[in-house]
Every structure is written in structure tokens, then in C-alpha cells.
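Atoms within each ligand, like the ligands themselves, are counted from 1 in listed order. Atom set for the values below is all heavy atoms of this structure, side chains included, hydrogens, waters and symmetry mates excluded.
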Amino acid sequence: MLPVGRLEVLDVGCGTGEIGLLFAELGHHVTGRDLSEKMLAKAREKTSKKMYDSTFKKGDAEDPPFEAGTFDVVVSRHLLWTLPHPDTAVKNWKKVLKKEGVLIVIDGLYNGGLIERQGNLLVIS
Ligand SMILES: C[S@@+](CC[C@H](N)C(=O)[O-])C[C@H]1O[C@@H](n2cnc3c(N)ncnc32)[C@H](O)[C@@H]1O
């Protein structure tokens, strides 16, 4: 499902880099972005031991400061549901993707899936 060749991958809310590592292991270049300097420090420590091609920078995942069409893959795991503006985040992630790029979002319904609509409001209980 991924584009072919060596990919530019943006791991938003990368944490300690677990997901980015999977891409780095495959030879792709990974940019990790997270608000927590402590998480980033752990991510750098993990990847430096393995000599992976990766960079980790502090910043807000909702609006990554990259040129449009920079990445082949944007990946988000266990982040989107926590963001204050998930719709804006997805719009911005799509913007930094190349034309054939892929957005991967891994999340869950941690409430057991109880979501009801009240007018234009989605209520999660
Ligand atoms: C549950 S962890 C998931 C980490 C990683 N994606 C993984 O799957 O292992 C969520 C991460 O998102 C980061 N985070 C939360 N809100 C963020 C935001 N607005 N911008 C960047 N990072 C954020 C947290 O610091 C934390 O490292």
C-alpha cells in the first residue's frame, strides 16, 4: 500500500519513536515530531544506537511546518483522538503529503465504541 522506493516519512506525535523505527528499519528517512522533549530524547537515543536515518524535532503535530508535498507517508498512532483540532490536523497532514502520498492513522475507540450524535455534536460516553 506504500509508495515504492526510499520514502520520506513524517511521524506526528512520535513519542519514543516506536512507529518511526519500523520505517527506519526498512531504510526510509523518518522525521519525528512531538511536543515532549523527554519523549524525543528517548527516540533519539533508540535510533542513534541503530544508526538509522532519522531526525526528531519538538513541535505541534497539528500544524507541521513543512512545504506542501514533502512527505510520502504521514503516520499518526494514538494521537489524533487527543488533539483539540483533529480535522485541522488531518487537513494539514494531507497538505504536506506528496500527490501519491499516504496518510496512516492508527487509533482506537477507547470508550468501547459508544458514540451518539446529538445534532451536529458527536458525544462519546
Ligand atoms: C500515546 S503517545 C503515542 C506515541 C507514538 N505515536 C506511539 O504510537 O508510540 C502520544 C504522543 O503524542 C504527543 N503529543 C500529544 N499532543 C501533541 C501535539 N499536539 N503535538 C505533538 N505531539 C503531541 C505526546 O507527547 C506523546 O508522545
Side-chain angles (χ1 to χ4, degrees):
M1 292 174 75
L2 296 176
V4 290
R6 185 174 175 277
L7 306 176
E8 284 296 329
V9 178
L10 175 63
D11 183 3
V12 282
C14 63
T16 65
E18 278 305 306
I19 293 296
L21 271 167
L22 298 176
F23 285 95
E25 274 169 11
L26 296 171
H28 305 304
H29 178 252
V30 176
T31 302
R33 190 164 170 82
D34 201 285
L35 279 181
S36 161
E37 197 51 67
K38 282 189 178 169
M39 292 293 216
L40 291 168
K42 284 200 188 275
R44 288 187 196 108
E45 191 190 326
K46 277 192 207 169
T47 50
S48 66
K49 281 182 197 151
K50 307 250 185 179
M51 304 289 286
Y52 290 141
D53 190 8
S54 51
T55 44
F56 294 94
K57 290 188 185 144
K58 186 174 176 182
D60 191 353
E62 283 201 355
D63 191 13
F66 302 100
E67 300 269 313
T70 301
F71 294 96
D72 301 289
V73 176
V74 175
V75 61
S76 157
R77 185 177 76 157
H78 301 169
L79 170 76
L80 188 63
W81 75 287
T82 70
L83 294 176
H85 312 102
D87 47 350
T88 307
V90 168
K91 208 168 76 192
N92 288 332
W93 297 345
K94 283 180 166 174
K95 205 160 41 180
V96 298
L97 276 176
K98 293 177 185 170
K99 195 163 169 269
E100 304 301 324
V102 176
L103 170 61
I104 304 170
V105 175
I106 305 161
D107 253 302
L109 291 172
Y110 300 111
N111 64 339
L114 301 173
I115 300 178
E116 63 181 285
R117 181 177 280 279
Q118 292 177 7
N120 64 350
L121 199 65
L122 284 182
V123 179
I124 302 171
S125 54

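Side chain of D11 to main chain of G20: a donor-acceptor pair is present (N/O by atom type, distance under 3.5 Å, no hydrogens or angles). The main-chain N or O of L80 is found under 3.5 Å from a side-chain atom of D107 such that the two form a donor-acceptor pair. Proximity of a side-chain donor or acceptor of D34 to a complementary backbone N or O of K58 within less than 3.5 Å is not detected. No donor-acceptor pair under 3.5 Å is formed between the side chain of W81 and the backbone N or O of P86.
Checking only distances, V12 never comes within under 3.5 Å of ligand 1, N or O to N or O. Considering backbone and side-chain atoms alike, L35 places an N or O below 3.5 Å from some N or O of ligand 1. Close N/O approach between D34 and ligand 1 is found [any backbone or side-chain N/O within under 3.5 Å].
For atom 14 (N) of ligand 1, the closest non-hydrogen atom on the protein side is L79 CD1, 3.6 Å. For atom 20 (N) of ligand 1, the closest heavy atom belonging to the protein is A61 N, 2.8 Å. With hydrogens left out, the protein atom closest to atom 4 (C) of ligand 1 is G13 O, 3.3 Å, a heavy atom. When hydrogens are left out, the protein atom nearest atom 1 (C) of ligand 1 is H78 O, 3.5 Å; that is the closest non-hydrogen contact.
Using a 4.0 Å cut-off between heavy atoms, T16 makes no contact with ligand 1 at all. Looking at C14 against ligand 1, only its backbone comes within 4.0 Å, counting heavy atoms. Contact annotation for R77 and ligand 1: heavy atoms of both the backbone and the side chain come within less than 4.0 Å of the ligand.
Across all their heavy atoms, R33 and F66 have their closest contact at CD-CE1, 4.4 Å. Closest heavy-atom contact between T70 and E8: O-CB, 3.8 Å.
Assignment of G59 to the shell around ligand 1 is supported, since a heavy atom sits closer than 4.0 Å. Within the structure, ligand 1 has M39 among the residues with a heavy atom less than 4.0 angstrom away.
Distances below 4.0 Å separate heavy atoms of G15 from the following atoms of ligand 1: 4 (C), 27 (O). Atoms of ligand 1 found under 4.0 Å from any heavy atom of S36, numbered from 1 in the order shown, are 25 (O). Every atom of ligand 1 is numbered from 1 in the order shown, and the set under 4.0 Å from a heavy atom of D60 is 18 (C), 19 (N), 20 (N).
Looking at R44, K57, K42 one by one, the single match for salt bridge (Lys or Arg N to Asp or Glu O under 4.0 Å) with E37 turns out to be R44. None of V30, L2, L103 except one satisfies the side chain to side chain contact (heavy atoms under 4.5 Å, CB included) rule with V73; the exception is L2.
Using a 4.0 Å cut-off between charged nitrogen and carboxylate oxygen, R77 and E18 do not count as a salt-bridge pair. A salt bridge does not link K91 to E62: none of the charged nitrogens lies less than 4.0 Å from a carboxylate oxygen.
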